[in-house]
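The sequence lines fix the lettering, A, B, ..., with proteins before strands; numbering per chain opens at 1.
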Protein chains: 4
Amino acid sequence: MPKVVPEYKEEARSRILDAASRVFAEKGYHEATMEDVAKQLGVSKGALYLYFSSKERLFEAMSRTAPRAFKEILYSTFNTQANPIESASQFFDAMMKRFGSNPRLSLEILSEASRNPALRRVLRQNQEEYANGLASFLEGLRKMRLIDDNLELLPLAYSLIALWNGLETLVVSGLPVEEAKGAWLEGFKAIFLQHRLQQSVIGSKRIDKKTS
Amino acid sequence: MPKVVPEYKEEARSRILDAASRVFAEKGYHEATMEDVAKQLGVSKGALYLYFSSKERLFEAMSRTAPRAFKEILYSTFNTQANPIESASQFFDAMMKRFGSNPRLSLEILSEASRNPALRRVLRQNQEEYANGLASFLEGLRKMRLIDDNLELLPLAYSLIALWNGLETLVVSGLPVEEAKGAWLEGFKAIFLQHRLQQSVIGSKRIDKKTS
Amino acid sequence: MPKVVPEYKEEARSRILDAASRVFAEKGYHEATMEDVAKQLGVSKGALYLYFSSKERLFEAMSRTAPRAFKEILYSTFNTQANPIESASQFFDAMMKRFGSNPRLSLEILSEASRNPALRRVLRQNQEEYANGLASFLEGLRKMRLIDDNLELLPLAYSLIALWNGLETLVVSGLPVEEAKGAWLEGFKAIFLQHRLQQSVIGSKRIDKKTS
Amino acid sequence: MPKVVPEYKEEARSRILDAASRVFAEKGYHEATMEDVAKQLGVSKGALYLYFSSKERLFEAMSRTAPRAFKEILYSTFNTQANPIESASQFFDAMMKRFGSNPRLSLEILSEASRNPALRRVLRQNQEEYANGLASFLEGLRKMRLIDDNLELLPLAYSLIALWNGLETLVVSGLPVEEAKGAWLEGFKAIFLQHRLQQSVIGSKRIDKKTS
DNA sequence: TATGAATGAGTGTTCATTCAT
DNA sequence: GATGAATGAACACTCATTCAT
């Protein structure tokens with residue numbers, strides 16, 4: 001059996017978190033056992049406790065690292081000032097590719113957060129960060145006149161985050177991924193003036209899928 | 001100890017479901033024990049099993065009845081062809097009043113659905129129903145020219161549902177209810193042409209290419 | 001639902017015992033529930049308690065009546081002074097016909113007797129009765145010179161009972177009924193001088209044809 | 001609290017089986033709790049589940065090891081070609097010494113076997129093995145002219161096993177051990193030609209078991 | 001008498017956590 | 001550090017028994 005710590009304690013933690021996120025994603029917090037996590041890693045149960053004092057702390061730690069991938073995808077797809085519908089589509093695809101069509105883990109984290117204040121605080125911070133990030137992005141779009149001047153950007157950023165989260169809940173409860181993508185894009189189209197403004201205002205060649 | 005059944009077996013079931021929804025909402029599925037539910041009702045554990053064969057079935061049954069209130073509020077606020085922003089605001093307030101600012105239960109149901117196919121089927125059906133209902137509602141708005149003609153209504157309906165669900169997740173993870181309401185309304189404003197149309201009608205330039 | 005007592009309390013008891021013996025035979029003491037017995041009879045659980053103060057007492061009472069059929073078969077097949085092998089064969093067949101090839105109930109009774117002195121006393125009495133009955137029967141056979149003079153009849157009677165009980169245990173643990181019958185008959189043949197004596201009486205004094 | 005496993009996992013299993021057989025023998029399968037077994041061993045309930053996945057499996061495993069002692073006694077007493085009555089007597093005494101006068105455990109095993117096919121298969125195999133072993137033994141006796149040539153040995157072997165099992169049932173239901181032994185021996189005497197042949201051959205009157 | 005809803009003690013089983021090695 | 005055997009608290013579920021009607 002490979003040791004947990006080949007060289008650095010930090011790496012050991014990291015490996016555990018990785019194994020944990022896979023196990024929790026597959027089985028959910030309550031169904032997953034410490035034994036499961038240990039086996040996933042090829043390590044003894046006891047070893048986990050050298051790095052995390054309890055299952056709860058392990059889950060918390062994992063919850064903190066989990067959004068990393070989300071952030072990367074979010075910022076890499078929503079940074080360019082290109083067509084926001086296109087960005088949204090890329091984001092959707094990238095998320096699916098990265099997490100499969102199983103948003104189970106987010107849900108588990110959320111579920112735990114509802115009874116774990118510390119975890120909730122972490123999630124809240126992430127939210128804020130995402131919202132601010134998105135708001136900046138929207139600011140850019142506004143300059144391109146893709147967003148109605150009467151809209152407040154921060155609340156709108158939150159509603160975009162909510163839209164994404166909400167789609168995850170729909171997928172978990174059975175909405176086919178394809179339909180989820182449709183809803184996701186239609187939501188974006190509705191929000192951005194893009195396909196309307198582009199044409200009427202600029203009269204350019206913008207080729208929105210829907211717009212011919 | 002009061003009897004579970006004052007007169008009708010059906011009422012007994014109903015009482016249990018009610019107690020269960022309170023307990024599950026407060027503690028979550030796994031943390032709540034059958035004992036908790038029984039105590040909440042002032043009844044013995046065994047009594048619960050006269051009506052539901054297992055904790056899981058109890059939860060399922062509760063999950064099926066839970067959306068009833070949601071439906072009522074949904075259909076009563078989103079039926080009039082009044083200002084949709086106003087409807088959205090009423091919906092938000094009614095939901096808060098009814099469920100408090102604790103959307104924990106929806107989350108628990110969702111969480112269980114991810115591992116319980118029967119439950120998932122129920123949720124999926126509800127989704128469809130809501131989506132169709134909302135789509136009809138949107139149809140009405142379209143006739144009032146409040147919705148862009150290029151938008152497909154069913155996906156848009158799903159995205160509205162997602163928006164709501166997503167806001168619940170944000171609230172669970174710490175977003176203040178006030179901000180949630182702000183995001184909810186801003187999302188609606190962005191989607192509906194209302195405020196712009198109002199203006200544009202008054203002003204001049206048609207934004208919508210359809211009218212241009 | 002038919003009432004337990006159509007006319008006489010005694011008949012009610014009797015009906016319950018009958019239902020109980022069927023249920024206990026099929027499921028065994030521990031697996032059978034009072035509910036099972038009540039349903040078998042089309043009566044409420046509570047009704048059983050009007051006639052028997054507990055499951056244990058019900059089982060005891062049933063255990064006392066159960067051997068009735070056994071006795072009848074025993075005495076009707078082992079009374080004639082005909083060929084004892086023939087009697088044994090008839091007994092075997094009659095028992096199978098009456099109880100099927102499922103001696104489960106005897107076992108259950110035995111099992112309970114091992115922890116229930118009152119029940120044990122009943123069984124012991126039955127044993128004695130059977131043994132004495134069989135001893136008388138053997139007495140008759142001895143007069144016909146079918147039993148070695150040196151054998152004591154009461155112990156031999158017990159060993160015949162044991163032989164039967166033992167075959168039941170073998171059948172329960174998987175011995176095919178056919179083989180059980182073979183063993184049963186072979187045991188009898190071995191014990192009774194019959195087939196040898198018949199010959200020797202006709203032939204000479206040699207008991208064993210080998211030595212004749 | 002002493003550890004279940006001093007050194008070898010196999011020994012731990014073995015210890016548990018030992019404790020289990022004591023507890024099951026005393027209380028019976030249903031009355032015995034896992035707690036009882038654990039306490040008997042000075043171990044926690046959970047420990048038992050490290051070695052046996054359920055009470056049923058524990059009982060099965062115990063049932064498989066239980067006959068070991070029986071086999072040893074059986075083969076060691078019924079191997080010599082000495083006087084079979086003597087062998088029978090030694091067997092009886094050895095069994096009593098080993099298991100006390102409480103054949104409860106066999107009964108419990110039997111009782112469970114009637115509802116557990118896996119267990120039944122084990123018992124059936126054991127039966128066959130015993131029967132074949134005894135048949136060989138009888139073969140030897142036949143050569144010594146102690147068994148009538150007309151008897152088939154395998155069925156007879158089964159009937160001897162049945163005789164033993166049956167005596168256990170009688171003892172459980174209250175037959176004094178002394179009488180049981182009497183019946184056991186009288187059964188053997190009846191079956192074997194020994195005492196008769198001895199006489200006829202030698203011409204003496206003594207039928208004493210010991211006397212050759 | 002008879003009912004059957006309700007009780008609640010009892011038990012098998014799980015699993016996070018500990019700790020001797 | 002690492003192990004994994006052991007712990008023991010916790011909990012779902014059963015069912016003999018009771019009792020209001």
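- For D:Lys55 and D:Tyr29, the positive end sits near the middle of the six-membered ring, less than 6.0 Å away and at most 45° from its axis.
- In summary, D:Glu108 and C:Arg115 engage in a salt bridge, as defined by a charged side-chain N under 4.0 Å from a carboxylate O.
- A sub-4.0 Å separation between OP1 or OP2 of F:dG1 and a side-chain N or O of A:Tyr51 is present.
- Nearest nucleotide to the D:Ser44 side chain, out of F:dT7, E:dA5, F:dT3: F:dT7.
- Straight-line distance from the CG atom of A:Leu50 to the P atom of E:dA20: 15 Å, rounded to whole Å.
- The CZ atom of A:Phe52 sits 13 Å away from the P atom of F:dA2 (whole-angstrom rounding).
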Any protein N or O atoms within reach of nucleotides 9-11 of chain F? Criterion: under 3.5 Å, listing atom names and distances.
| unit_1 | atom_1 | unit_2 | atom_2 | d |
| --- | --- | --- | --- | --- |
| F:dA10 | N6 | D:Lys45 | NZ | 3.4 |

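- From D:Leu123, atom CG reaches atom CZ of D:Arg121 across 11.0 Å, with rounding to the nearest 0.5 Å.
- Straight-line distance from the CD atom of B:Glu11 to the P atom of E:dA5: 15 Å, rounded to whole Å.
- Listed candidates were E:dT3, F:dT7, E:dA16. Nearest to the side chain of C:Ala47 is E:dT3.
- Rounded to an integer number of Å, the gap from NZ of D:Lys9 to C1' of F:dA5 is 8 Å.
- Relative orientation of the D:Phe24 and D:Phe59 rings is perpendicular, given thresholds of 30° and 60° on the angle between their planes.
- For the pair D:Asn126 and D:Arg64, the minimum side-chain heavy-atom distance is 4.5 Å or more.
- Counted within 6.0 Å of CZ on B:Arg57, heavy atoms from surrounding residues, nucleotides or ligands total 12 or fewer; the atom is thus considered open.
- What separates CG of C:Leu48 from P of F:dT17 is a distance of 11 Å, to the nearest Å.
- Atoms NE2 (D:His30) and P (E:dT11) sit 12 Å apart, rounded to a whole Å.
- Between the CZ atom of A:Phe52 and the CE atom of A:Met62 there is a distance of 10.5 Å, given to the nearest 0.5 Å.
- Checking F:dA5, E:dG12, E:dA5 against every side-chain atom of D:Tyr49, the shortest atom distance belongs to E:dG12.
- The distance from atom CD of C:Glu56 to atom P of F:dC15 is 17 Å, rounded to the nearest whole Å.
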| field | Pairing string, 5' to 3', for DNA chain E - Watson-Crick or wobble contacts under 3.5 Å, brackets [ ] where pairs cross, | to another strand | value | .||||||||||||||||||||

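- Between A:Phe24 atom CZ and E:dA16 atom C1' there is a gap of 11 Å when expressed in whole angstrom units.
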| said: Quick one, A:Arg15 with A:Glu11, criterion salt bridge (charged side-chain N to carboxylate O under 4.0 Å, His left out). Give me CA distance, side-chain angles, the key distance, then yes/no. | reply: CA-CA 6 Å; A:Arg15 283 189 190 205; A:Glu11 183 178 340; 3.4 Å; yes

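- For the residue pair A:Arg120 and B:Ser173, no side-chain donor N or O sits within less than 3.5 Å of a side-chain acceptor on the partner.
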